[in-house]
Amino acid sequence: MKKPDPQNYDVNDERINRINHLLTALPNVARRIDRINAVLYAGGIGSAEFNSLVAERSALVKKYDDMERELKETYRIVNENPRKGVEITTINIE
């Protein structure tokens with residue numbers, strides 16, 4: 001990321017850039033989670049790939065929740081299109 005010019009620095013610009021980043025990243029993360037779920041539920045993959053995908057999905061779910069929480073708590077923006085789907089727990093992973 002480019003360092004802001006101290007002469008023209010505006011905290012509002014920084015906030016707007018962060019909000020834009022979060023709003024752009026949320027759908028991308030949600031789509032990747034959906035693609036991983038499709039592969040996992042389709043089956044036919046080896047244990048190494050399964051473990052890798054589960055680990056990636058867990059990290060992405062946490063990242064998504066963190067970004068959504070930041071939007072809500074820091075910027076008071078509620079995501080109108082939240083990620084839908086199953087709750088990911090160790091119980092429903094076979």
Side-chain angles (χ1 to χ4, degrees):
M1 183 187 287
K2 185 177 164 185
K3 251 186 164 177
D5 179 15
Q7 301 289 328
N8 299 322
Y9 178 76
D10 185 6
V11 72
N12 290 324
D13 288 340
E14 186 176 327
R15 290 173 60 90
I16 290 169
N17 289 338
R18 180 64 182 164
I19 291 168
N20 285 336
H21 168 75
L22 292 170
L23 292 175
T24 302
L26 277 174
N28 295 334
V29 172
R31 279 193 295 274
R32 179 62 185 149
I33 291 169
D34 290 341
R35 285 195 305 268
I36 290 172
N37 284 337
V39 171
L40 291 174
Y41 296 133
I45 58 176
S47 63
E49 184 178 2
F50 179 86
N51 289 336
S52 173
L53 289 173
V54 168
E56 181 182 356
R57 178 181 67 177
S58 296
L60 288 172
V61 167
K62 179 169 179 0
K63 179 178 181 178
Y64 187 94
D65 291 342
D66 289 345
M67 289 190 303
E68 206 170 45
R69 187 178 315 102
E70 181 182 351
L71 278 172
K72 183 178 180 184
E73 294 175 1
T74 305
Y75 304 109
R76 291 185 228 129
I77 297 174
V78 177
N79 188 8
E80 291 181 356
N81 300 315
R83 186 177 53 83
K84 297 176 183 162
V86 298
E87 176 88 16
I88 297 174
T89 65
T90 56
I91 295 170
N92 64 5
I93 297 174
E94 297 178 335

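Computation of the quantities below employed the complete heavy-atom set of this structure, encompassing side-chain atoms and omitting hydrogens, waters and symmetry-equivalent molecules. Small disclaimer: the values here were computed from a predicted structure and weren't measured. Throughout, residue positions are numbered sequentially from 1 according to the sequence presented.
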Criterion side-chain contact (heavy atoms from CB on, under 4.5 Å) against R57, the qualifying member of V61, L53, L60 = V61
Can you get from I36 to V39 by hopping between Ile, Leu, Val, Met, Phe, Trp and Tyr side chains that sit under 4.5 Å apart?
-> yes
Do S58 side-chain atoms and V54 backbone N/O form a donor-acceptor pair below 3.5 Å?
-> yes
Can you measure from CG (N79) to CE (M67) and round to the nearest 0.5 angstrom?
-> 9.5 Å
Nearest 0.5 Å please: distance from the CG atom of L22 over to the CG atom of N17.
-> 11.0 Å
From CZ (R18) to CG (D13), nearest 0.5 Å = 15.5 Å
CD-NZ distance between E68 and K63, expressed to the nearest 0.5 angstrom = 14.0 Å
Does L23 reach the side chain of Y75, with side-chain heavy atoms less than 4.5 Å apart?
-> no
R31 and N28: side chain donor to acceptor below 3.5 Å | yes
Cluster check I77, L26: I/L/V/M/F/W/Y, side chain < 4.5 angstrom = yes
Using a strict cut-off of less than 4.0 Å between a Lys/Arg side-chain nitrogen and an Asp/Glu carboxylate oxygen, indicate whether D66 and R69 qualify as a salt bridge.
-> yes
